[in-house]
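Heads up, the thing below is written out as structure tokens.
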Amino acid sequence: MAPIASTISPSENEFKSIIDFKSLHKQANVPKEFIWSSEDLVETSQGDLDVPIIDLGVISNGDAAALEAVAKVMRDACMKHGFFQVTNHGVDQKLIDATNQEFVSLFELPLDRKANAYKAPFGYSCAHASRYSASLPWKETFTFQYKHYDQSPTQIVDFFTSVLGDDHQHAGLVLQNYCDAMKKLSEVILELLAISLGVDRLFYKKFFEDAETMMRCNSYPPCSGIQAGTLGTGPHCDPTSITILFQNLEGLEVFVDDKWLGVRPQPNTFVINIGDTFKALTNGVYKSCLHRVLANKEKDRKTLAFFINPKSDKIVRAPENILGRQEPPKYPDFTWSQLFEFTQKKHRADPNTLPDFVSEINSNASNI
């Protein structure tokens, strides 16, 4: 695991040498900060993950047999690797395209303007270089919070204009519409997840009704140094609850059965994966699986990631009787704010994030 760096305040020249990917792409050698360990760089198997495509229309069409069949498909996938895709999701493709275009424009802004759009822990970030000093991902990100309980129609607009200026008001409006659509989609997914686990079908929908989600666009510029050991994103499990991902190019890989398998983009679908927090909310029944993103030598890959999280102070605790079983809890009570702080200040997201976090909680409890 790469160490969490102390606060970094690079000079303008250092800043540009680190994050100007257009210049780095032309260089013969990739800076050592972007080189990952041989363990992280295990070659892909050249195969694809068996990711079921779930038609969400089943949730409302009144066909009980079809709903039960879909719930089983979801359950099997989530118990094995935690990934599935959804279709018939109701999100307008024009809205997806408009959202992508706003981020294309954002990442084309001058470096100094992008740098000024950082408001920890949100806003613009390049390679997470403000937090880490090694094994940097070959990507830029723009992240902001979306509170499901905030009824303000300018929630996202206010953030965009505060960090980017009034000329990004339209971008904020587009992203507000996109997040509203993701919220609606997430409610359907959460209901189906509850059905698949045999609990009250509204349990997770109600649990996340006041969610504090993070919306992020990832931009993975072309990288000529792939052979040197770069990665778009290193191996990790999402510490969040549920991720709703739109991807325009291949590159996402999942580690299943001791090998890396690709998740290819499918027309009119979103990729869904279980994160550590939702794993705890299922008492470990559903998996939060290790995944990574490969760098691309020629193409610019962009993804839209909607990370659903509980309200920061809400206790994360699995419901009883999951799959009809009465089992003791495998995880102590915790809040999303505790886990998020752990990943920001103490532990880089990796395969051991949740177990190490649980160990810290249990250790602190034993010292009281």
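Predicted model only: the values in this text are computed from it and were never measured.
- The environment of Gln93 atom CD is dense: over 12 non-hydrogen atoms of other residues, nucleotides or ligands sit within 6.0 angstrom.
- Heavy-atom contacts from other residues, nucleotides or ligands closer than 6.0 Å to CD of Gln266 number more than 12.
- Within the 3.5 Å criterion, the main-chain N or O of Ile308 finds no donor-acceptor partner in the side chain of His148.
- The number of heavy atoms from other shown groups lying within 6.0 Å of CZ (Arg113) is above 12.
- Salt-bridge formation is detected for the pair Lys114/Glu140: a Lys NZ or Arg NE/NH1/NH2 atom is positioned less than 4.0 Å from an Asp or Glu carboxylate oxygen.
- In this structure a side-chain-to-backbone donor-acceptor pair under 3.5 Å is present from Ser45 to Gly47.
- Inter-residue side-chain proximity for Pro137 and Leu231 is flagged as unmet; no heavy-atom pair is nearer than 4.5 Å.
- Within 6.0 Å of CD on Gln169 lie no more than 12 heavy atoms contributed by other residues, nucleotides or ligands.
- Between the side chain of Asn116 and the backbone N or O of Asp112, at least one donor-acceptor pair lies under 3.5 Å.
- With hydrogens and angles disregarded, no donor-acceptor distance shorter than 3.5 Å links the side chain of Gln85 to the backbone of Thr269.
- A salt bridge does not link Arg292 with Asp40: none of the charged nitrogens is closer than 4.0 Å to a carboxylate oxygen.
- Checking Asn248 against Asn100 by side-chain atom types alone, no donor-acceptor pair falls below 3.5 Å.
- Ring to ring, Phe21 and Trp138 are close: their centroids are under 6.0 angstrom apart.
- For Arg216 and Phe142, the positive end is not near the middle of the six-membered ring at less than 6.0 Å and at most 45° from its axis.
- Classification of Glu191 and Arg201 as a salt-bridged pair holds, one side-chain N sitting under 4.0 Å from a carboxylate O.
- Ring geometry for Phe83 against His291 counts as perpendicular: the plane angle is over 60°, on a 0 to 90° scale with 30° as the lower cut.
- Counting heavy atoms from C-beta outward, Leu261 and Glu253 have side chains that stay 4.5 Å or more apart.
- Salt bridge absent: Glu250 and Arg301 never bring a charged side-chain N and a carboxylate O closer than 4.0 Å.
- Considering only heavy atoms from C-beta on, Met74 comes within 4.5 Å of Leu193 through its side chain.
- The aromatic rings of Phe122 and Phe340 lie parallel to each other, with less than 30° between the two planes, well short of the 60° mark.
- Taking Asp50 as the reference, nothing meets the salt bridge (Lys or Arg N to Asp or Glu O under 4.0 Å) condition, with sequence neighbours excluded.
- With hydrogens and angles disregarded, a donor-acceptor distance shorter than 3.5 Å links the side chain of Thr99 to the backbone of Leu95.
- Screening residues 67-90 for salt bridge (Lys or Arg N to Asp or Glu O under 4.0 Å), with sequence neighbours left out, gives Lys72-Asp76, Lys80-Asp257.
- Pairs passing the ring pair (Phe, Tyr, Trp, His ring centres under 6.0 Å) check and including a residue from residues 167-214, sequence neighbours excluded, read Tyr204-Phe278.
- Ring-centre distance between Phe306 and Phe246: not below the 6.0 Å cut-off.
- Side chains of Asp313 and Thr335: a donor-acceptor N/O pair is absent below 3.5 angstrom, by distance only.
- For the pair Lys311 and Tyr149, the cation sits on the ring face: its NZ or CZ lies under 6.0 Å from the ring centre, inside 45° of the axis.
- Scanning all heavy atoms of the two residues, the minimum distance from Ala318 to Ala280 falls at CB-O, 3.5 Å.
- A salt bridge links Arg264 with Asp48: the closest approach of a Lys/Arg side-chain nitrogen to an acidic carboxylate oxygen falls below 4.0 angstrom.
- Ring orientation note: the planes of Phe357 and Phe334 are nearly perpendicular, at an angle over 60° on the 30°/60° scale.
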